[in-house]
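Comments concern the structure below.
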Amino acid sequence: MSKTIIVSNRLPVQLQISEGKITAIPSVGGLATGMKSVHSGGESLWIGWSGLTQEEIPEDLVGDIDEALAGQGCSKVALSQEEVDGFYFGFSNRTIWPLFHYFMEYTEFEWDFWEAYEAVNRKFADAILEQTSEDDVVWVHDYQLMLVPEMLRAERPGLSIGFFLHIPFPSYEIFRTMPWRREVLAGLLGSDLIGFHTYDYERHFLSSVRRILGHEVSFNEIHLDDRVAKVDSFPMGIDYKKFHEAAIRHREMKPGEESDLQQRLNSHKASTPNAKFFLSIDRLDYSKGIAKRIKAFEYFLQKYPEYKEKVRLIILAVPSRSLVPQYQLLKKEIDELVGRINGEISTVSWTPIWYFYRSLPFDNLIDLYTTCDIAWLTPIRDGMNLVAKEYIATRTDQTGVLLLSEMAGSANEMHESLLINPNNFEQIADSLHQAITMPVSEQIARNAPMQKRLERYNVEKWARDFMDSLKAQQNRDYSQVASRLSVDLTNTLIKTYREAKRRILFLDYDGTLAGFRTDPQKAAPDEELYELLDNLYRQENTDIFLISGRDKDTFDRWFNGRDYAMIVEHGVWISENNAPFKMLENVKNDWMDKIRPVLESFVDRTPGSFIEDKNYSVAWHYRNTDPDFGQKRATELNTVLTSLIANDDLSVLNGNKVVEIKSSNVNKGRAAMRMIARKEYDFIFAIGDDWTDEFMFQELPKDAVTVKVGRMKTQARYYVDNISSVRGLLQRFVEP
Ligand code: ADP
Ligand code: G6P
């Protein structure tokens with residue numbers, strides 16, 4: 001039976017060893033807390049790092065540790081201190097984390113970190129491969145493991161691989177600054193499905209893929225050489241039931257059953273009945289804006305001094321990544337800020353800020369969520385922020401106010417909360433005032449719909465949606481499009497080829513026999529291709545035609561002295577037996593004067609685009625433009641041309657990053673049909689990659705073997721993945 005393999009750097013439990021004994025504590029952070037609920041429910045294995053380095057684990061405890069982890073459905077990847085330093089404290093948390101959260105000034109680009117990151121990702125991939133069979137589903141999580149999908153794909157092409165990024169994906173302008181941007185994108189593209197919390201992160205990712213790797217993207221699908229990778233947003237939910245039911249149990253507790261923390265909270269509430277508790281909970285991380293929040297609290301008390309002695313800010317900061325220098329500095333800054341403010345404005349009966357720097361057990365978390373009147377969660381940048389969702393889930397009477405940063409992913413789904421910009425102290429102070437004075441009826445009106453959504457789109461549903469989408473992606477039936485030319489089909493095809501008495505082959509050039517280049521003139525044939533074509537030409541009873549949209553002069557230059565036939569400019573010219581090109585179709589070109597100025601105006605306004613003049617057609621190329629912009633301009637050009645050529649016998653061809661205008665009665669299909677009418681052929685073959693080749697696929701007889709390069713919608717019967725598959729196939733034709 002197939003199983004699901006969850007992979008993340010952190011396992012749901014962190015192991016500790018004290019006095020020769022192993023203890024397991026739950027991991028904090030959105031990924032571990034969220035996925036834990038999904039993992040415990042199903043048939044899955046969770047692979048990750050135990051939290052201990054190899055040096056920290058005594059030999060004699062290795063077996064116990066593996067056993068303890070196996071009991072929780074987990075398996076560890078063992079990492080040395082050096083690996084953890086470079087991979088975790090280094091590249092993950094001193095390069096990716098700050099960069100992806102827009103903290104450029106904290107981002108360090110170090111080769112050593114990168115090398116450690118690559119090596120540890122490889123180690124994870126190896127550990128996964130060891131425990132995975134072909135029909136398993138692997139779900140890789142988060143920024144520490146972005147190279148793993150491609151490493152898995154390289155070893156096991158048929159594996160179903162999903163990836164989810166739990167942090168923001170930054171805009172292209174930020175991402176492009178990273179020296180290893182290509183490697184990271186390629187690593188992620190090993191996945192069948194890549195998930196993000198929000199649409200914004202998704203579109204930032206797609207924009208980087210297009211601009212940096214130049215892949216074709218249509219809607220949320222990325223066309224790779226041999227596959228399609230899908231990208232989508234899935235806002236992560238929480239285990240609503242767990243938090244809501246814990247809060248109900250908490251509400252029903254008798255006084256003696258309450259925790260020490262709860263009793264302390266109660267006694268403070270009792271001593272100042274109108275007092276309000278503000279709650280701030282995060283890992284101690286600069287992206288969470290804790291220091292800013294403390295300063296904003298000070299500002300609030302200056303602007304609204306009437307709330308002195310009436311409000312209290314409870315800060316729970318969970319220790320995190322404490323070996324990273326920026327985190328140490330932040331810890332110091334917060335200690336000092338809290339000390340200074342408490343020192344300056346406390347009174348005998350009032351300490352404005354209570355500050356806890358530790359991880360609290362789940363029950364205490366519920367104490368805080370249920371007792372605090374206002375949750376103040378204002379990260380400067382946050383992938384999601386589950387704490388905000390957890391707070392709302394625990395408000396069983398639907399009271400309470402959530403003050404949430406617009407910069408948190410969760411703000412997209414929680415618009416009934418008071419959304420603030422964490423940098424705007426004026427707005428924060430006024431929103432706190434609004435929160436304190438908000439009527440209960442309004443609190444309920446705001447929280448009720450949020451609760452409903454959180455209950456429905458919970459973490460289980462989130463995981464299910466992701467998995468369903470991953471499965472759908474795997475099972476996508478491309479047969480509606482064309483059948484893949486599998487090994488079996490190819491063998492049958494070769495047999496038919498050999499048995500045929502008279503054969504004709506139509507071979508498109510660009511994107512079929514040779515790859516695209518920034519400068520089309522540079523895409524000249526290589527030696528291997530010449531040899532292949534020569535060998536094809538030498539086959540008995542075989543007519544081969546290069547059939548292209550190229551101009552005749554280029555082909556003249558490239559294939560001068562070769563004997564095979566060529567049809568160029570989509571069918572205007574033909575050359576056979578090394579004779580000069582002659583016209584195959586009688587066409588006019590007097591319309592060009594009208595079109596050219598229009599194309600020139602597009603060139604002027606679209607940096608990187610250029611015009612290619614042919615004898616009987618003219619093309620506007622936009623391969624070298626910004627991909628989004630180029631596409632937009634191509635759409636615009638199509639609209640302009642439609643009205644301009646309405647009364648001419650012209651057509652507009654949208655090829656691969658090119659818009660070409662030519663006579664309507666010329667196309668590759670028509671040209672190919674004229675060729676096959678000349679003799680009796682029992683094997684007709686046509687192969688091509690773009691829209692202009694569709695004319696051949698459409699017009700050639702039904703029993704012709706038509707092949708599209710790339711897995712796209714087509715009229716062809718078959719498809720192959722890429723140029724090297726084309727050459728491989730043609731090579732089979734000439735093998736003895
Ligand atoms: P991040 O993933 O950046 O840490 P999130 O808000 O998405 O931020 O997730 C934090 C998770 O950690 C929440 O599920 C929360 O319940 C948990 N958590 C936060 N503080 C504590 C704490 N003091 N003790 C235990 N768990 C905590
Ligand atoms: C965030 C990240 C997680 C990470 C967690 C805790 O939620 O997205 O990948 O596990 O923070 O950080 P840590 O460095 O302790 O694993």
Side-chain angles (χ1 to χ4, degrees), residues 6-14 25-37 46 48-51 79 84 87-94 96-98 100-101 140-146 163-169 196-197 201 235-240 242-243 246 261 279-290 314-324 326-327 355-369 375 377-394 402 404-405 407-411 414 454 459 462:
I6 300 170
V7 190
S8 66
N9 176 50
R10 282 259 173 236
L11 284 174
V13 286
Q14 293 305 288
I25 55 162
S27 302
V28 287
L31 190 176
T33 53
M35 283 305 294
K36 195 155 61 182
S37 324
W46 193 328
W49 172 48
S50 67
L79 299 181
V84 171
F87 152 75
Y88 173 74
F89 289 114
F91 199 76
S92 297
N93 290 317
R94 288 167 77 165
I96 299 287
W97 180 274
F100 279 37
H101 286 85
V140 183
H141 290 264
D142 229 359
Y143 66 103
Q144 302 92 343
L145 302 174
M146 291 190 284
F163 182 92
F164 193 87
L165 188 74
H166 291 257
I167 66 174
F169 194 94
F196 299 92
H197 283 306
Y201 308 157
M236 188 179 191
I238 55 164
D239 188 341
Y240 182 86
K242 175 172 139 192
F243 282 91
L261 174 67
L279 177 64
S280 149
I281 295 191
D282 322 81
R283 274 182 311 99
L284 191 116
D285 195 302
Y286 49 80
S287 64
K288 304 286 184 179
I290 307 172
I314 303 178
I315 301 177
L316 173 58
V318 186
S320 185
R321 306 168 197 167
S322 47
L323 293 183
V324 176
Q326 282 309 334
Y327 289 72
Y355 172 47
F356 301 89
Y357 174 63
R358 69 186 83 133
S359 182
L360 291 182
F362 179 73
D363 287 343
N364 286 153
L365 215 56
I366 301 294
D367 294 337
L368 288 171
Y369 284 151
L377 305 169
T378 48
I380 295 173
R381 196 68 69 164
D382 203 341
M384 173 47 78
N385 199 296
L386 295 180
V387 170
K389 296 186 171 180
E390 292 168 4
Y391 175 74
I392 293 297
T394 59
L402 171 62
L404 182 61
S405 165
M407 315 297 168
S410 50
M414 307 187 83
L454 291 174
V459 70
W462 165 82

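Just so you know, ligand 1 is whichever comes first in the structure, and atom 1 is the first atom listed for that ligand. The residues of the chain are indexed from 1 along the displayed sequence. Note that the structure is predicted; figures quoted are calculated from it, not measured.
- Within the model, atoms NZ of Lys389 and CE of Met236 stand 8.5 Å from one another, a figure rounded to the nearest 0.5 Å.
- For the atom pair Lys242 NZ and Thr394 OG1, the distance stands at 13.0 Å (nearest 0.5 Å).
- Which parts of ligand 2 touch His166 is read off a 4.0 Å heavy-atom cut-off, strictly below it: atoms 8 (O).
- The nearest protein atom to atom 7 (O) of ligand 2, hydrogens excluded, is given as Gly30 N, 3.5 Å; this is a heavy-atom distance.
- Residue Gln144 holds its CD atom at 9.0 Å from NE2 of His166, rounded to the nearest 0.5 Å.
- In this structure, CD1 on Ile314 lies 6.0 Å from CG on Leu368, to the nearest 0.5 angstrom.
- Looking only at heavy atoms of the protein, atom 11 (O) of ligand 2 is closest to Arg321 NH2, 3.1 Å.
- Not close to ligand 2: His141, with no non-hydrogen atom less than 4.0 angstrom away.
- Protein residues having at least one heavy atom under 4.0 Å from any atom of ligand 1 are Val28, Gly29, Gly30, Thr33, Ile281, Arg283, Lys288, Leu316, Val318, Arg358, Ser359, Leu360, Leu365, Tyr369, Asn385, Leu386, Val387, Glu390, listed by chain and number.
- Looking at atom 14 (O) of ligand 2, its nearest protein heavy atom turns out to be Tyr88 OH, 2.5 Å.
- Residues Tyr143 and Phe169 place their aromatic rings such that the two centres sit no closer than 6.0 Å.
- Considering each of Leu11, Asp142, Leu31, the one bringing a non-hydrogen atom nearest atom 2 (C) of ligand 2 is Asp142.
- Checked against side-chain contact (heavy atoms from CB on, under 4.5 Å), Ala388 has the following partners two or more places apart in sequence or in another chain: Leu377, Asn385, Leu402, Leu404, Ser410, Met414.
- Rounding to the nearest 0.5 angstrom, the gap separating the OG atom in Ser8 from the CZ atom in Phe164 is 13.0 Å.
- Of the protein's non-hydrogen atoms, Arg10 NE, 2.7 Å is the one closest to atom 16 (O) of ligand 2.
- When heavy-atom distances to ligand 2 are checked against a 4.0 Å cut-off, Asn9 has no atom that comes that close, whether in backbone or side chain.
- Listed by atom number, the atoms of ligand 2 under 4.0 Å from Ile167 heavy atoms are 8 (O).
- Taking 4.0 Å as the cut-off between side-chain N and carboxylate O, Asp239 and Lys36 do not count as a salt-bridged pair.
- With hydrogens and angles ignored, the 3.5 Å screen pairs no side-chain donor or acceptor of Thr378 with any backbone N or O of Ser405.
- Judged by distance alone, with hydrogens and angles left aside, the side-chain atoms of Ser27 form a donor-acceptor pair with the main-chain N or O of Leu11 at under 3.5 Å.
- For a threshold of 3.5 Å applied to N or O pairs, the pair formed by Gln144 and ligand 2 contains at least one separation below that value.
- Taking only nitrogen or oxygen atoms, main chain and side chain alike, Trp97 does not reach within less than 3.5 Å of ligand 2.
- The main-chain N or O of Ala393 is never found under 3.5 Å from a side-chain atom of Tyr369 such that the two would form a donor-acceptor pair.
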